[in-house]
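For reference, the structure is listed below as structure tokens.
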Amino acid sequence: MSSEMTTQPQYYHDEIVKRLVQFSVAWAVLAMAAGVFVAAELLWPTLDMGQPWLSFGRLRPLHTNGIIFGFGVSALMATAFYSVQRTSHVPLFAPKLAWFLCYAWQLLVLSGGLSLLAGMNTTKEYAELEWPFDIAIALLWVSFGIVFFGTISRRKIRPIYISNWFYGALIIVIAMLHIVNNLELPVTWTKSYSLYAGAQDAIVQWWYGHNAVGFLLTGGFLGMLYYFLPKHAGRPIWSYKLSVVAFWAFTYSYIWAGPHHLHYNAIPEWVQSLGMVMSLVLLAPSWATLINGVMTVSSAWEKLKTDPALKFIVLSLAFYGLATFEGPMMAIRSVNVVSHFTDWTIGHVHSGALGWNAMITYGTFYYLMPRLVGTELYSKRLANVHFWLALAGTMLYIIAMWAAGVSQGLLWLSLDETGELAFGFRDIMSSMAPYYGLRLLAGLIFLGGTLLMAYNFYMTTRSRKTVKVEPPVVDPAFGVV
Amino acid sequence: MNALKLHKKLEENNALLIFGILLVSSLGGLVQVLPSVYQESLRTPEANTRPYSALELAGRDIYISEGCSTCHSQQIRSLVAEVERYGPYSRAGEFVYDRPFLWGSKRTGPDLHRVGGKYSDDWHRIHLVDPRSVVPTSIMPGYPWLAEKDLRSDDIQAKLRGLRSLGHPYSDEEIENAPAQLEGRKQIDALIAYLQMLGTGFVEPESGAGDSSE
Amino acid sequence: MEEKISRYLLFRTLYEPKITFEVLAETDPSAWRVFSSYSVWLLLLPPLFSWIGAYNFGWRLGASEPLVLTPATLTLISIAYFLTLLFGFYSTAVISRWMASTYGASSSFGRHVALITIVGQPLALASVAHLFPNVFFNVVVMIPVMIWSMYLLYTGIPVALQTPPERGMLMASSLVGWLLVAAVSLLGLTMGLWAAGFGPALGV
């Protein structure tokens, strides 16, 4: 190994980045198609044709797991590997392990998805996969940590760049959450019982569930933002000090917000109140990052002329602002009393998932893919069309779900002059159908845009090889580790 | 040393950074989650709350496997309108034998926490196979396969033993007789048995003054 | 020139938005003049239409019989509606002017007021849909109108505020971000008020 390092040039391991991006896009299409299908089932429940594997209850976790673990994690691994190499100025540590991780992870998501269709389900949200998969996830996640932190330990630049703190937090915190929440007693090969029961299980689940969103869907993608936005914009992050404060405040406060999923539920009131207060506190670090992002991109406006992908990043920041404002607001008890159990929660999730996660990933992929194969994007025009479709789909989704959610929530609580319930449950839910129709349309539009992107990437990378890039020589002034 | 200096130290040391992140992120969980392990009120069963019988447990596991929690909650909030619509609000002590909890996070269909005894077995039988035959505007999917598929009886003893090791009081006799309870039944029978006992573990307080908030 | 902007040209945006923005770029209208002679009348339309529609037809939520409220309640609702629109309009213009320096745009407050008025005008006019107070009907009407308003925002800012197209795009996106936050805050605030008792009877 050491003789190789002195005689042969070292290259960044970018082939694996390209592969992970391809897998991520494939999962985006599949999992969003599943989402469109379940949205249609809410309008036409007989779409499942009496088949258990098409049933809503089994397909819904397929959609959520496919998006989070398929689309999301593949994108995070791809961008983490790309950026950690370049911020450390060394190729990936343990590349063979990284390749194993890449393919094993896809196999895990695929087989996990099939197991959900077969009815292997713990029913704990975003942790529905049963115990064999939980063990596999833990092992693969440790591999992710080894490759990532191993690369950092080999770095040639003394300070660890900020995007790596966020990816690092992603790895460490998700490991902690996954292991603790999935502690279960297997009773058969396909079934286990949670170590926790009832109210205690609820508290643990939402400590996990909220922070899966926090550290995977928010934290990890902030790592993406902090590396790719400056690269894209050709400018450094606007304020280093702000990013430091934002990171630590974020890592500290997000964890406490879980109980806002359990307002008025059978858990101690002090836990609910604490969750609410910390959710409001969380607004500050979230928006500190937002300001950093907005000010960074504002100074790089000339790039918008030639770069359609930067538009995705700009709008993703707007939706990040919306989602991180809406979240704390919905955590307030008097708002939550109306929103809990309604489609407003679904709308909030998708303003984040479509507006923030998908858009920043798409913008980053549009930047990354052509560079990985050393060419221009096949069609800027298609990328522009995609942008407008993504924006339209997101806005339509949000508005439809706001209208549906607020209506449901209020109607469920409405009393008439005699203090009796004013509306029947069945009537209320029947009136939701038009909004579900709008939402289906929104999903189709968003999926359509995603398909355009998949085609664009296929044409860009077709019969092209990944470019070999050598790590540049480091100025000794930056201090070799 | 001031905060920025501390950060700079962590920023240049991989191991310290990892440790720092782990420390900072674990605090919230320690404060919010750990006490629930020791809190008696969360572990003491309510009045008539008992462990699930073999048939009910099999039914509950079907409820879980089919993802019923995706659309149905089992948590009546301490709100006037909810108590009017569904019955007494849910107490923590009713869920001590629920592994995992099934409170749900979305109501596409009504809350089911106190559905036990509200409808007849026959109503459930028809409704589960084709919801629209009893509720024309329903968007619930049908579950015709539950009426066809036989109930598995070969894993029930392992399940009961597993739960017993987690603290559920099952006697040796109950575990011995469990497969017999399931033999010859369809999956739908188990699910209905489960649905019919939901919410029956709570007894309305004698005073009749209603439920005071905790 | 100012008179033209206030009365005649603003109406022209309905069929010739580009020219109106170009004319706006060459003027520095008085914010108060624009507001008092044009904006405030547009802001009055939604509360007015909603009063008339709710009084004559009752609010239809899809779930059952139309909800009929007393004229006194309807008046209170319309006043609150107007004040909310007023706050939204004014705060958006102020924030727009506050952002101007970051994006190299004109900081003439009158121009910002005029621009926000032009952008919001289609929505104000489309509030005629409130005459039939069915929630879904209003949602379906307002969505395409909102798309048109956003189009006016994105095309209007660079021209009227005299900044390069890319900086204009960024500024428009930041304003959209603000509007999203304002909209959701309105939702939250309303829910909070209703849950606290300032609204229809809720069993909380």
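Sequence lines set the chain letters: A, B, ... in the order given, protein chains first and strands last, and positions in each chain run from 1. Just so we're clear, the structure is a prediction, and the values are computed from it rather than from any experiment.
- Rounding to the nearest 0.5 Å places CE of A:M329 at 9.0 Å from CE of C:M191.
- Taking CE of A:M395 as the start and CE of C:M146 as the end, the distance is 4.0 Å to the nearest 0.5 Å.
- Per-residue counts of heavy-atom pairs under 4.5 Å with chain C were compared for A:G321, A:G409, A:S414, A:S298; the largest is that of A:S298.
- Between C:A195 and A:S334, the shortest heavy-atom distance links the atoms CB-O, 3.4 Å.
- The choice from C:L202, C:L193, C:V204 that makes the most heavy-atom pairs within less than 4.5 Å of chain A is C:L202.
- The line from CG of C:L187 to CD of A:E326 is 8.0 Å long, rounded to the nearest 0.5 Å.
- A pairwise comparison of heavy atoms in A:A318 and C:S173 identifies CB-O, 4.1 Å as the closest pair.
- Heavy-atom minimum distance, C:G203 versus A:L415: CA-CD1, 3.5 Å.
- The shortest non-hydrogen separation linking C:G188 to A:V335 is O-CG2, 3.4 Å.
- If you take CD on A:E302 and CD on C:E166, they are separated by 8.0 Å, rounding to the nearest 0.5 Å.
- Taking chain C as the reference chain and counting heavy-atom pairs below 4.5 Å, the highest number among A:L410, A:V338, A:V314, A:I332 is found for A:L410.
- Both the backbone and the side chain of C:V184 come within contact range of chain A, with heavy atoms under 4.5 Å apart.
- In this structure, C:W194 and A:V337 have side chains that are not in contact, with every pair of non-hydrogen atoms separated by 4.5 Å or more.
- Atom CZ of C:F82 has more than 12 heavy atoms from other residues, nucleotides or ligands within 6.0 Å.
- Residue A:W412 does not touch chain C at all, counting heavy-atom pairs closer than 4.5 Å.
- For chain A, no part of C:W178 is nearby; none of its heavy atoms comes within less than 4.5 Å.
- Atom OG1 in C:T163 sits 7.0 Å away from atom CH2 in A:W301 (nearest 0.5 Å).
- Using a 4.5 Å cut-off between heavy atoms, A:Y435 touches chain C through backbone and side chain atoms alike.
- Contact count versus chain A (heavy atoms, under 4.5 Å) is highest, among C:G199, C:P200, C:A183, C:S185, for C:S185.
- Neither the backbone nor the side chain of A:M429 comes within contact range of chain C; no heavy atoms are under 4.5 Å apart.
- Distance check: A:L396 CG to C:I143 CD1 gives 5.0 Å after rounding to the nearest 0.5 Å.
- Only the side chain of A:L438 has a heavy atom closer than 4.5 Å to any heavy atom of chain C.
- Contact of A:S430 with chain C is not made at all, since no heavy-atom distance falls under 4.5 Å.
- In this structure, A:R426 places its CZ atom where only 12 or fewer heavy-atom neighbours from other residues, nucleotides or ligands lie under 6.0 Å away.
- Looking only at heavy-atom pairs under 4.5 Å with chain A, the residue among C:P165, C:G192, C:G104 that has the most is C:G192.
- At a 4.5 Å heavy-atom cutoff, the contact between C:F136 and chain A is made by backbone and side-chain atoms alike.
- Proximity to chain A (any heavy atom under 4.5 Å) is restricted, for C:S174, to the side chain, taken from C-beta onward.
- At most 12 non-hydrogen atoms from other residues, nucleotides or ligands lie less than 6.0 angstrom from OH of C:Y55.
- Using a 4.5 Å cut-off between heavy atoms, A:I399 contacts chain C through its side chain alone, with no backbone atom that close.
- Proximity to chain A (any heavy atom under 4.5 Å) is shown, for C:M142, by neither the backbone nor the side chain.
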